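Because only heavy atoms are used, hydrogens play no part in the values below, and waters and symmetry mates are left out as well, while side chains stay in. Convention: sequence-line order gives letters A, B, ...; per-chain numbering from 1. Note that the structure is a prediction, hence the values are computed from the model and not measured.
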2 protein chains.
Amino acid sequence: MGRGVTVPDANCDPSLSALERIPRSTLRDQVAERLRAAILGGDIPPGAPLVEIALSERFDVSRGPLREALRQLIEEGLVVTVPYTGTYVAPLSVEDVREIYSLRTALETFAFELIWDRRDRQFRSELVRRNAALIATIDAGDDRASIDTELAFHGLVYEMTGHRLLQRTWHGLRGRLQLYWAAHHRAHGRRGPRRDSHDSYIAAALGDDLAVMRAEIVEHMRRGTETTERFLRSRPPVLGKSKRGDIT
Amino acid sequence: MGRGVTVPDANCDPSLSALERIPRSTLRDQVAERLRAAILGGDIPPGAPLVEIALSERFDVSRGPLREALRQLIEEGLVVTVPYTGTYVAPLSVEDVREIYSLRTALETFAFELIWDRRDRQFRSELVRRNAALIATIDAGDDRASIDTELAFHGLVYEMTGHRLLQRTWHGLRGRLQLYWAAHHRAHGRRGPRRDSHDSYIAAALGDDLAVMRAEIVEHMRRGTETTERFLRSRPPVLGKSKRGDIT
DNA sequence: AAATCGTTGATTGTTGACAATGCACCATCC
DNA sequence: GGATGGTGCATTGTCAACAATCAACGATTT
């Protein structure tokens with residue numbers, strides 16, 4: 001069952017269809033994708049207002065598909081909205097950071113429990129491969145890519161489980177994580193993970209003791225929380241919605 | 001700004017605002033609520049097609065708000081859609097059942113770990129109170145209410161954590177659970193949980209040993225999985241999309 | 001008879017215009 | 001001067017019509 005190891009990830013999420021689907025991409029999905037990229041890429045900072053008509057002109061679509069794309073991003077936690085008032089990129093908060101990492105600890109622990117007895121040769125080599133890719137991007141100084149490869153590294157565990165609901169939950173967290181990391185990167189420049197940040201993680205993941213892995217995950221997330229939280233406190237965003245059209 | 005003062009209307013979900021918000025409910029939210037109720041209540045069975053124009057006439061709204069409501073239910077996992085083809089109530093599958101309960105095991109365990117040291121008198125009494133409410137609905141033979149009180153019972157744990165992201169995740173699972181339980185109820189009639197089904201659960205929750213609680217959760221979910229799965233197998237849904245306008 | 005291909009009806013995707021709402025500013029009043 | 005109430009404008013919510021797409025049906029061909 002060589003599942004989910006070498007997934008080039010062509011289409012989106014055909015939540016159940018086993019048949020091959022070649023869905024003509026709808027404008028809604030295209031807009032959602034581009035807008036997501038714009039937010040995660042930092043083009044639109046957290047707290048910034050998202051005016052529908054402005055975005056519809058920017059993406060050259062009508063407000064209909066745009067609004068549906070916004071709904072999608074809202075559910076992903078990247079966007080918040082207040083009825084009849086406005087839509088904004090989700091603001092950053094230390095509370096969110098703690099929640100993201102604590103929940104991620106629970107999920108990743110659960111994921112490892114699921115796959116612990118199924119870690120085959122393919123999984124181990126792929127884990128090492130992705131770590132190498134991560135190190136490569138770090139050495140290259142490409143922060144954007146570093147974020148992606150970092151997430152892809154941890155994503156392997158979720159893919160291995162074959163647990164669609166778990167993967168779905170992970171994707172929800174992943175978007176939020178990207179939001180924080182992108183902001184961190186934008187504020188401090190070169191400040192990604194260290195080259196050896198996954199050494200003990202990999203050692204535990206390839207080892208025999210599940211308890212060690214659990215402890216490693218806890219420690220890994222503790223460090224992540226600390227780093228991200230410190231960044232947030234260092235740069236008081238004060239992203240409260242003040243005037244109508246500010247950018248924070 | 002003395003506008004909209006006479007709106008006693010209870011608000012929806014102010015996902016973050018600490019300020020008092022009295023948002024006039026939008027059609028989108030109203031439709032989403034009614035459609036959700038229709039699906040969970042069994043008026044529209046799993047696998048049934050959701051034709052936009054028919055629903056828009058049924059709820060007396062345009063297709064715009066209806067589509068946005070559909071997007072919302074899609075993200076909740078109650079509805080699936082195939083571009084340019086059709087939208088359907090999410091079909092049932094044994095795989096989903098396993099995933100729902102296994103993920104729920106992880107989440108509820110995590111929740112108890114969070115609140116374990118904070119279980120005050122209020123929490124304990126509220127837990128007992130909700131169990132009493134559950135038993136009352138069971139004795140009354142009200143299956144619909146039984147589902148709600150059952151979910152409210154477990155929901156207390158998530159509420160206690162104050163972990164918004166965890167609660168959000170729980171809500172995502174809760175909708176799917178309701179879908180299965182509603183179908184179960186519709187197929188077999190009076191077949192809710194037993195009166196004493198939470199006795200050991202409460203005992204463990206009020207006790208001192210977290211390990212006991214963990215084991216209790218695992219066992220509780222194991223029973224839930226077994227029951228739901230057996231129901232699904234007993235009634236082969238065969239919810240494959242066959243013809244264009246079938247109801248499965 | 002079996003397979004292929006065009007046709008047809010239904011459904012979703014998209015658009016632009018109109019209505020409802022809320023915030024900010026400014027004049028007014030105490 | 002500070003608070004209060006009115007007004008304008010930007011923005012979101014909603015609607016009805018149009019275009020694109022798909023699946024099923026039937027005619028046609030081999």
Side-chain angles (χ1 to χ4, degrees), chain A residues 12 14 17 19-34 48-74 79-89 240-247, chain B residues 1-7 9 11-12 14 17 19-34 48-74 79-89 240-248:
Chain A
C12 43
S17 73
L19 305 176
E20 287 311 320
R21 286 238 141 252
I22 315 175
R24 284 185 73 83
S25 188
T26 63
L27 281 187
R28 152 172 36 93
D29 291 328
Q30 295 177 25
V31 168
E33 193 173 342
R34 293 182 59 183
L50 296 172
V51 181
E52 295 179 358
I53 193 166
L55 290 177
S56 69
E57 289 172 1
R58 169 172 177 171
F59 295 131
D60 196 41
V61 296
S62 176
R63 280 180 54 213
L66 180 86
R67 283 171 63 88
E68 295 183 9
L70 281 178
R71 290 299 136 198
Q72 208 157 320
L73 295 187
I74 287 173
V79 166
V80 296
T81 184
V82 183
Y84 289 106
T85 302
T87 310
Y88 308 86
V89 178
K241 63 196 72 140
S242 49
K243 292 216 174 180
R244 186 83 180 197
D246 71 346
I247 297 204
Chain B
M1 58 180 85
R3 228 89 179 298
V5 177
T6 57
V7 180
D9 179 23
N11 61 2
C12 43
S17 71
L19 306 177
E20 290 309 322
R21 286 237 142 253
I22 316 175
R24 287 185 73 84
S25 187
T26 63
L27 280 186
R28 151 173 35 93
D29 291 328
Q30 295 176 26
V31 168
E33 193 173 341
R34 292 182 60 185
L50 296 172
V51 181
E52 294 179 359
I53 192 165
L55 289 177
S56 68
E57 289 173 0
R58 169 172 178 172
F59 294 131
D60 197 38
V61 295
S62 175
R63 280 180 55 210
L66 180 87
R67 283 172 63 89
E68 295 184 7
L70 281 178
R71 290 298 136 198
Q72 208 157 320
L73 296 187
I74 287 173
V79 166
V80 297
T81 185
V82 183
Y84 289 105
T85 301
T87 311
Y88 309 85
V89 178
K241 62 195 74 140
S242 49
K243 293 219 172 176
R244 185 87 178 194
D246 71 345
I247 296 205
T248 306

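When the nearest nucleotides of DNA chain D are assigned to Glu68(B) and Arg63(B) by heavy-atom distance, the more 5′-ward of the two goes with Glu68(B).
Distance CD (Glu52(A)) to P (dT21(C)): 16 Å, rounded to an integer number of Å. Counting to the nearest Å, the C1' atom of dT21(D) and the OH atom of Tyr84(B) are 7 Å from each other. Leu27(A) has its CG atom 20 Å from the P atom of dC18(D), to the nearest Å. Distance, Gln72(B) CD to dG13(D) P: 12 Å, rounded to whole Å. The separation between Glu57(A) atom CD and dG16(C) atom C1' is 13 Å, rounded to whole Å. Following rounding to the nearest Å, Leu66(A) (CG) and dT11(D) (P) show an atom-to-atom distance of 14 Å.
The salt bridge (Lys or Arg N to Asp or Glu O under 4.0 Å) analysis of residues 53-62 of chain B, with sequence neighbours excluded, yields no pairs.
Contact detail for Thr26(A) and Pro83(B): the closest heavy-atom pair is CG2-CB, 4.1 Å.
Within 4.0 Å (heavy atoms only), Arg28(A) reaches sugar-phosphate atoms of the nucleic acid but no base atom. Contact annotation for Pro65(B): backbone-only contact, meaning every heavy-atom pair under 4.0 Å involves sugar-phosphate atoms and none involves a base. Among the atoms of the strands shown, base atoms are found under 4.0 Å from some heavy atom of Gly64(A). Looking at heavy-atom distances under 4.0 Å, Leu50(A) makes contact with sugar-phosphate atoms alone, never a base.
For dA23(D), the OP1/OP2 oxygens have a side-chain nitrogen or oxygen of Thr85(B) closer than 4.0 Å. The shortest distance between the side-chain N/O atoms of Arg67(B) and the OP1/OP2 oxygens of dG13(C) is below 4.0 Å.
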